[in-house]
Amino acid sequence: MTTIQKLLCLLLLSISCITYAQSDDVTITSTKLSDNVYMLVGQGGNIGVSVGEDGVFVIDNQFARLTPKIISAIKKLSDQPIVFLANTHYHGDHTGGNANMTKVGAKIIAHDNVRKRLAETPNRDGSINEAAALPIITFNDKMSLYINGEQVAIFHVDNAHTDGDVLLYFTESNVLHTGDTYFKGWYPYIDIASGGSIDGYIDAVKRALILIDDETKVIPGHGALSNKTEYTSFLKMLETLRTNIQAEIDKGKSEEEVAIDGALTKKYDDLGYSWNFINSEKIRRAIYKSLKH
Ligand SMILES: [Zn+2]
């Protein structure tokens with residue numbers, strides 16, 4: 001991230017600051033997970049797609065500039081219209097195409113706080129989202145969507161990655177979309193400025209793990225298709241780091257002392273969890289801040 005981008009992030013505290021090169025050669029790949037559910041990968045948060053005679057239901061949509069590519073990838077899976085779109089949370093790498101999707105007929109579903117944040121938070125260029133980018137169906141806890149022969153259970157988890165996260169479980173296909181409550185194999189972004197917290201994160205993963213089994217196909221917010229075993233390892237990582245950092249807080253250590261203490265995260269640093277956006281120092285700081293909060 002450049003200094004300018006960092007400054008922008010500070011200015012627009014609640015905007016997702018995962019940065020992506022704006023290359024035009026992004027290809028959208030799709031993987032079939034069940035008779036009617038697919039995972040689409042391009043640039044930004046992973047997309048879930050349900051197809052069938054009721055129409056297409058999409059979960060998340062990456063960036064506005066990718067909408068034409070995403071729609072053409074979906075057209076290869078189904079000739080039905082896109083009827084519903086769910087946002088797992090408000091970050092721009094998951095909701096950037098909202099307005100474009102509304103314009104092709106999708107009705108957007110999200111947690112109350114997603115609509116609130118999309119309506120109130122300026123975009124990186126300072127603009128405010130147009131009405132078409134906002135969810136028209138919102139809820140505060142959970143809801144179900146009955147589509148393409150199955151119930152999709154959509155449930156909110158409190159103060160995890162943000163304050164508006166939902167997870168979506170396809171009950172017949174046995175597919176879970178975790179939103180950004182799961183970064184596969186990477187330290188997660190805990191967006192404290194948008195209501196995220198380490199304890200909420202841990203609770204969210206625990207709740208998801210109760211629902212799923214060894215056969216469940218898990219679509220993480222970021223990273224490759226996953227499963228219950230790997231999601232459980234991710235939980236173990238969060239719990240270990242939380243324990244390690246709480247112990248330092250109990251000893252009276254400052255954020256700066258925790259920030260430079262690589263031993264606290266070494267086991268997981270060595271497993272490759274540190275990455276350019278959330279490196280090991282950043283995750284130590286985030287967990288420290290969250291526990292002190
Ligand atoms: Zn996010």
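Ligands are counted one by one from 1 in listed order, and the atoms in each one are counted from 1 as well.
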**OP:** Find the distance between CG (Asn174) and CG (Leu176) and round it off to the nearest 0.5 Å.
**Re:**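 Spacing of CG (Asn174) from CG (Leu176) equals 9.0 Å.
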With respect to the Zn ion (ligand 1), what is the nearest N, O or S atom of [X]?
X	result
Asp180	OD2
His89	NE2
His91	ND1

Original post:
Is it true that atom CD of Glu130 has more than 12 heavy atoms of other residues, nucleotides or ligands lying nearer than 6.0 Å?
Top reply: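 Correct, the count exceeds 12.
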Original post:
Just wondering, do Leu77 and Ser30 contact through their side chains at under 4.5 Å, heavy atoms?
Top reply: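 Ser30 reaches Leu77 side chain to side chain.
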**OP:** Confirm or rule out an N/O/S atom of His94, from backbone or side chain, lying less than 2.8 Å from the Zn ion (ligand 1).
**Re:**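 Checking the Zn ion (ligand 1) against His94, no N, O or S atom falls under 2.8 Å.
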Original post:
Taking the side chain from Arg115 and the backbone from Pro135, do they hold a donor-acceptor pair closer than 3.5 Å?
Top reply: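 Flag set: sc Arg115 to bb Pro135 pair under 3.5 Å.
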